[in-house]
S.K.: 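I have a structure I would like to understand better, so I am pasting it below and will then ask my questions one at a time.
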Protein chains: 2
Amino acid sequence: METVSSARKAGRPREAVLNRERIIDAAFAVLEVAGPDGFTMKGLAERLSVKPPALYNYFRNKNDVIKAMRGRLASRIDLASFEAAPWCEAVVPWARSYRSVFARHPESIALLATMPVSGQEDSVLNYEVISRSLQEGGWPLEEIVPVIVALESFIIGSALDAIAPDNIMDPADYSPQVPLFAAAGLAQAAVVTAGGVRPADLAFELGLGALVAGLRARLVS
Amino acid sequence: METVSSARKAGRPREAVLNRERIIDAAFAVLEVAGPDGFTMKGLAERLSVKPPALYNYFRNKNDVIKAMRGRLASRIDLASFEAAPWCEAVVPWARSYRSVFARHPESIALLATMPVSGQEDSVLNYEVISRSLQEGGWPLEEIVPVIVALESFIIGSALDAIAPDNIMDPADYSPQVPLFAAAGLAQAAVVTAGGVRPADLAFELGLGALVAGLRARLVS
DNA sequence: ACCTGAACACCGTTCAAGT
DNA sequence: ACCTGAACACCGTTCAAGT
């Protein structure tokens with residue numbers, strides 16, 4: 001009589017159960033349901049029907065898993081606009097794609113965006129494409145990196161803002177002490193409900209437009 | 001014969017050893033030397049010559065400690081410029097102060113900036129001051145919150161960038177594959193060494209100037 | 001080579017016991 | 001009221017043992 005749920009016994013399986021791709025897929029799934037605090041090697045192993053030590057055959061440690069997750073996200077960012085339009089138009093869809101890739105996995109940002117990028121990753125290749133677009137647009141060589149970093153800072157900060165609850169700026173019981181800010185919040189809420197967008201989207205689009213316009217103005221002057 | 005290091009015995013001390021202020025002071029000290037991963041309740045207790053459970057008389061849990069730390073930082077941000085100059089001038093020193101408060105405790109950002117702000121904190125009062133300055137500058141009520149959020153997104157993102165190692169954008173061995181990006185990095189490095197600043201500072205100042213200029217342009221048009 | 005099982009040194013938090 | 005001591009349920013990681 002066979003048991004139905006035949007747990008794997010110790011010992012090498014005839015054919016490997018795991019690989020890096022499968023583990024990263026599962027990692028995003030676990031992160032999505034468990035959140036950053038609940039993202040554990042045990043939970044990851046369980047979703048793969050495996051014991052935690054098995055993961056260490058493919059990744060050196062948990063940080064190594066997270067690094068691979070970020071690499072996956074970076075490869076999803078859409079750079080196509082830089083091939084089709086000048087930088088000041090191209091950065092807008094790129095920035096939206098960048099932010100939305102993270103917004104697709106809201107729980108990822110705290111975990112992924114704040115871990116220092118150690119050395120080289122595939123994402124470096126993306127920067128070459130952007131650099132070329134900026135150079136063709138007339139940017140001096142020494143300002144190309146600062147421009148990219150400034151844009152990314154805004155995007156990452158906006159992504160962090162997007163993961164916060166919508167009412168993060170709600171003064172709540174403090175309203176009497178901050179009347180103008182409370183009124184501004186209500187006025188924004190009216191726009192938000194009318195437009196069917198999130199408050200974070202409003203701030204992102206406004207800031208992105210201003211940042212690009214300001215960069216353009218600096219370039220022509 | 002008395003032992004020199006007389007450890008405290010169990011039982012209530014004649015006069016309380018701890019208070020919230022002392023604990024928060026110690027928390028920043030521990031965070032600074034131990035980093036975000038090494039920031040533990042045990043480490044915090046040790047620095048206060050106390051056992052971990054004692055902390056729970058003053059804070060409900062570790063997150064509560066972190067929230068108090070952020071409140072402390074928020075109170076250090078300098079808002080004085082908003083009383084003395086129009087918004088487009090005032091935001092610059094405010095943004096620098098905001099970012100430098102976090103830069104003073106580089107290890108804090110990952111821990112503090114990414115934890116969602118739950119409900120009300122003292123920082124809400126700051127927003128009233130900024131809102132008033134924006135309104136006096138002619139901003140429509142419904143755009144005041146988005147403007148503040150866009151600025152904060154850029155500042156927080158820049159603070160995150162500032163904690164990363166200076167060579168975070170260094171293509172290193174990838175240089176042959178990304179020649180223009182590598183050259184741009186070298187050109188930036190020359191400016192950085194000549195000016196005696198960090199690469200992150202360059203990007204922050206460039207982005208801040210552009211963002212403010214872009215916001216101004218939107219307002220007058 | 002690639003998995004399990006057992007073990008180690010942690011962690012945050014709870015709670016009774018002591019003064 | 002405010003501390004310690006002991007305990008609980010975790011965590012990441014290592015490593016021998018099994019196939």
Side-chain angles (χ1 to χ4, degrees), chain A residues 3 5-27 30-31 33-69 107 110-112 114-115 118, chain B residues 3 5-27 30-31 33-69 107 110-112 114-115 118:
Chain A
T3 57
S5 71
S6 60
R8 196 171 21 251
K9 293 291 186 297
R12 181 190 184 193
R14 307 231 264 65
E15 140 172 62
V17 213
L18 299 176
N19 59 59
R20 284 176 65 98
E21 283 304 304
R22 274 202 66 213
I23 295 174
I24 298 172
D25 287 342
V30 171
L31 186 56
V33 309
D37 288 348
F39 181 70
T40 66
M41 295 300 265
K42 176 163 179 277
L44 178 53
E46 259 165 17
R47 170 159 268 256
L48 291 160
S49 305
V50 123
K51 304 298 174 186
L55 302 170
Y56 291 81
N57 288 306
Y58 300 89
F59 295 94
R60 286 182 312 168
N61 51 40
K62 189 180 177 181
N63 266 356
D64 202 24
V65 175
I66 294 171
K67 195 150 78 179
M69 293 171 76
E107 296 81 6
L111 199 60
L112 303 178
T114 64
M115 203 185 68
S118 77
Chain B
T3 58
S5 70
S6 60
R8 196 170 22 250
K9 294 292 186 296
R12 181 191 184 192
R14 307 231 264 66
E15 140 172 62
V17 213
L18 298 176
N19 59 60
R20 285 176 64 99
E21 284 303 304
R22 274 202 67 213
I23 295 174
I24 298 173
D25 287 343
V30 171
L31 186 57
V33 309
D37 288 349
F39 180 70
T40 66
M41 294 300 267
K42 176 163 180 277
L44 179 52
E46 258 165 16
R47 170 159 269 255
L48 290 159
S49 305
V50 124
K51 304 297 174 185
L55 302 170
Y56 291 81
N57 287 306
Y58 299 89
F59 296 94
R60 285 182 313 166
N61 50 40
K62 189 180 178 180
N63 266 356
D64 202 24
V65 175
I66 294 171
K67 194 149 78 178
M69 293 171 75
E107 296 81 6
L111 198 61
L112 303 178
T114 65
M115 202 184 71
S118 75

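The sequence lines fix the lettering, A, B, ..., with proteins before strands; numbering per chain opens at 1. In this text the structure is predicted, and so the values were computed from the model without any measurement.
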S.K.: Start at the 5' end of DNA chain D and walk down; is the nucleotide closest to A:Lys42 or to A:Pro53 reached first?
M.R.: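 This one resolves to A:Lys42.
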S.K.: Where do A:Lys62 and A:Phe39 come nearest, in terms of heavy atoms and distance?
M.R.: NZ-O, 2.8 Å
S.K.: Sequence neighbours left out, what pairs pass salt bridge (Lys or Arg N to Asp or Glu O under 4.0 Å) with at least one residue falling in residues 36-54 of chain A?
M.R.: A:Lys42-A:Glu46
S.K.: Please list every donor-acceptor pair under 3.5 Å in which a side-chain atom of residues 10-21 of chain A meets a protein atom from a residue at least two apart or in another chain.
M.R.:
unit_1	atom_1	unit_2	atom_2	d
A:Asn19	OD1	A:Glu21	N	3.1
A:Asn19	OD1	A:Arg22	N	2.8
A:Arg20	NH1	A:Tyr58	O	3.0
A:Glu21	OE1	A:Arg72	NH2	2.9

S.K.: Base, sugar-phosphate, or nothing: which does A:Ala16 touch, judged by heavy atoms less than 4.0 Å apart?
M.R.: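 Result for A:Ala16 = sugar-phosphate.
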S.K.: With heavy-atom distances below 4.5 Å as the criterion, would you say the side chains of A:Leu31 and A:Leu44 are in contact?
M.R.: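 Counting from C-beta outward, A:Leu31 and A:Leu44 never come under 4.5 Å.
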S.K.: Are any non-hydrogen side-chain atoms of B:Val65 and B:Leu55 less than 4.5 angstrom apart?
M.R.: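 A side-chain contact under 4.5 Å is absent here.
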S.K.: 5'-most contact on DNA chain C: B:Arg12 or B:Arg60, nearest heavy atom basis?
M.R.: B:Arg60
S.K.: Based on Watson-Crick and G-U pairs with both distances under 3.5 Å, what dot-bracket line describes DNA chain C 5' to 3', crossing pairs as [ ] and inter-strand pairs as |?
M.R.: ||.|||||...|||||.||
S.K.: Check whether any side-chain N or O of A:Arg8 sits under 3.5 Å from a backbone N or O of A:Ser49 as a donor-acceptor pair, and report yes or no.
M.R.: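 The answer is yes, because a donor-acceptor pair under 3.5 Å joins these two groups.
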S.K.: Does B:Ala10 or B:Tyr56 map to a spot on DNA chain C nearer the 5' end, using the closest nucleotide for each?
M.R.: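 The residue closer to the strand's 5' end, by nearest nucleotide, is B:Tyr56.
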S.K.: Going 5' to 3' along DNA chain C, between which two nucleotides do contacts with chain A fall, using a heavy-atom cut-off of 4.0 Å?
M.R.: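 Contact boundaries, 5' end first: C:dA1 to C:dA6.
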S.K.: Return the minimal non-hydrogen interatomic distance between B:Ala68 and B:Ile24, and the atom names on each side.
M.R.: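 Minimum heavy-atom contact is CB-CD1, 3.6 Å.
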S.K.: Considering every strand and a 4.0 Å limit on heavy-atom distances, what is the contact class for A:Tyr58: base, sugar-phosphate, or nothing?
M.R.: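 Sugar-phosphate: the residue A:Tyr58, judged by heavy atoms under 4.0 Å, touches backbone atoms but no base.
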S.K.: List in chain and number order the residues that pass side-chain hydrogen bond (donor to acceptor under 3.5 Å, both in side chains) with B:Asn61, two or more places apart in sequence or in another chain; answer none if no residue qualifies.
M.R.: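 Here no residue qualifies.
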